[in-house]
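Notes to accompany the following structure.
In listed order, ligands and their atoms are each counted from 1. Note that the structure is predicted; figures quoted are calculated from it, not measured.
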Amino acid sequence: MSQTRSAILLVGGMGTRMQPLTFSTPKPMLPLLGRPITEHQIIKAREAGITEIVLATSYLADVFTPYFGNGEKFGITISYAVEKNALGTGGAIRNAAKLLKGDGPVVIFNGDVLSKHSLDEQIAFHEQNDADVTLYLTQVKDARAFGVVEMVGERIETFNEKMESPPTNIINAGCYIFNRSVIDEIPEETVVSVERETFPALLARGAKVLGFVDDEYWLDIGNPGALLAATRDLIEATGYPFMQGKGSEIDPTATITNGSFIGAGAKIGPGATIDQCVIGEGAIVGANVDLQRTFVAAGCDIGSNMSAKDEFFGFSSK
Ligand code: GTP
């Protein structure tokens with residue numbers, strides 16, 4: 001990647017496993033410590049020297065542009081590829097690549113992955129080995145819900161999407177680098193799954209598909225439990241029991257624990273206990289409320305003297 005470093009972020013999925021949080025917000029726009037998951041990824045991309053990003057949108061596409069604009073505020077050029085009907089991950093990549101100015105290899109992120117792997121090293125690995133495609137891989141205890149690979153050396157030999165008895169525990173961690181010629185092979189305006197069609201087809205024709213295995217922190221933020229875990233992990237890394245956004249007010253008799261995040265301008269009343277929760281911007285949690293593993297939507301007033309566990313308050317239903 002000698003000249004422009006480019007990336008595509010796949011942010012057009014329906015996020016069904018993340019409902020009800022995704023009824024009115026696309027999963028990649030859900031706040032993680034008060035900033036969209038996508039913003040965390042954009043910052044990671046910028047730090048790896050990427051200068052242009054295309055957001056591949058479909059579901060609730062209009063939500064992205066007002067927040068990210070042309071990317072100037074984030075120090076990166078951002079443009080938007082909108083799929084009227086979702087094209088799947090492969091179709092989305094093909095469609096978004098048309099907007100890229102650079103013609104070198106392209107970094108592709110799933111919009112729901114949080115990782116500490118070095119993107120810079122992954123890019124260098126791809127270049128040094130002259131690969132067609134380089135997948136960031138990680139090892140998990142239970143690989144059944146993921147795309148699993150078998151490798152010989154650094155070369156990926158098989159790719160198996162979500163199966164009951166996975167042959168290894170090395171999984172596709174959702175960030176890959178594609179040479180431009182590989183993207184151009186994906187049929188245009190067609191629904192294609194990169195996991196179910198493109199990867200197996202590349203392997204079948206003997207393309208050089210390499211694995212960049214990394215065991216640093218990785219999390220797939222696919223459902224509400226994972227979003228709570230991501231929030232807690234990021235907060236725990238700071239050494240604080242919780243974090244709060246600007247202008248939030250927490251009564252001194254309230255107890256906030258276990259990596260909870262209190263959004264900007266939210267108010268927490270006397271005697272409230274909040275354990276591993278995400279409280280949205282401007283939300284109001286009244287006196288003696290006891291919440292565990294619960295999401296409160298931005299602006300929602302949940303009243304006083306009640307308790308809830310694994311609940312969602314104020315998220316619109318379909
Ligand atoms: P579930 O419905 O809960 O499976 O979530 P999802 O819709 O996000 O699907 P999944 O987690 O498998 O998708 C992985 C990534 O690809 C996510 O960041 C999605 O936003 C994105 N994605 C999935 N399908 C499409 C698509 O058709 N178009 C675009 N642009 N992105 C997609």
Side-chain angles (χ1 to χ4, degrees), residues 6-32 36-42 44-45 53-65 67-68 78-100 106-115 135-138 140 143-148 159-163 171-178 183 186-199 218-230 295 312 315 318:
S6 313
I8 293 171
L9 261 57
L10 297 172
V11 294
M14 300 271 293
T16 44
R17 289 165 298 144
M18 194 59 100
Q19 290 170 356
L21 302 179
T22 44
F23 282 142
S24 56
T25 307
K27 179 169 62 175
M29 286 302 284
L30 290 174
L32 173 59
I37 296 168
T38 300
E39 186 175 342
H40 293 265
Q41 294 184 318
I42 287 174
K44 186 178 176 87
I53 288 188
V54 179
L55 297 186
T57 66
S58 179
Y59 176 66
L60 301 175
D62 297 347
V63 176
F64 293 89
T65 322
Y67 189 89
F68 292 110
I78 298 178
S79 51
Y80 303 85
V82 185
E83 297 147 48
K84 240 193 197 147
N85 298 309
L87 289 172
T89 45
I93 294 166
R94 178 72 163 100
N95 188 53
K98 289 189 230 156
L99 295 180
L100 290 172
V106 182
V107 174
I108 296 156
F109 286 96
N110 280 359
D112 50 3
V113 161
L114 185 65
S115 83
L135 273 74
Y136 159 39
L137 305 169
T138 194
V140 293
R144 281 175 300 178
F146 302 102
V148 172
F159 188 94
N160 318 271
E161 187 62 10
K162 301 184 180 77
M163 62 196 311
I171 64 154
N172 171 17
C175 174
Y176 22 91
I177 302 173
F178 271 33
I183 296 181
I186 300 172
E188 267 193 277
E189 298 296 330
T190 309
V191 178
V192 178
S193 158
V194 87
E195 298 86 355
R196 293 182 194 284
E197 296 165 72
T198 311
F199 290 143
W218 172 85
L219 190 67
D220 166 32
I221 313 177
N223 54 42
L227 184 54
L228 288 177
F295 288 85
F312 303 89
F315 294 92
K318 277 241 152 127

message: Quick check on atom 13 (O) of ligand 1 - does any protein heavy atom sit closer than 4.0 Å to it?
response: no
message: Counting only heavy atoms closer than 4.0 Å, does ligand 1 sit against the backbone of Val191, its side chain, both, or neither?
response: neither
statement: If you scan protein heavy atoms around atom 10 (P) of ligand 1, the nearest is Arg17 NH2, 4.0 Å
- prompt: At what distance is the nearest protein heavy atom to atom 20 (O) of ligand 1, and which residue and atom is it?
  reply: Gly13 N, 2.8 Å
- prompt: Could you give the distance from CG (Leu137) to SG (Cys175), rounded to the nearest 0.5 Å?
  reply: 10.5 Å
message: Please report whether ligand 1 has a polar contact with Lys27, defined as an N or O pair separated by less than 3.5 Å (distance criterion only).
response: yes
message: Starting from atom 26 (C) of ligand 1, what is the nearest protein heavy atom, named by residue and atom, and what distance separates them?
response: Gly88 N, 3.6 Å
message: If we set the cut-off at 4.0 Å for heavy atoms, which region of Ala92 has an atom near ligand 1: side chain, backbone, both, or neither?
response: side chain
Top protein contact for atom 30 (N) of ligand 1, by heavy-atom distance: Glu83 OE2, 2.7 Å
query: Hey, is Leu10 touching ligand 1 through its side chain, its backbone, both or neither, going by heavy atoms under 4.0 Å?
result: both
message: When you compare ligand 1 with Pro28, is there at least one nitrogen or oxygen pair between them that comes in under 3.5 angstrom?
response: no
statement: In this structure, OG1 of Thr22 is separated from CZ of Arg17 (nearest 0.5 Å) by 10.0 Å
message: Below 30° counts as parallel, above 60° as perpendicular, anything between as tilted: where do the rings of Tyr176 and Phe178 land?
response: tilted
field: Per-atom contacts of ligand 1 with Met14, taking only distances under 4.0 Å to non-hydrogen atoms
entry: 7 (O)
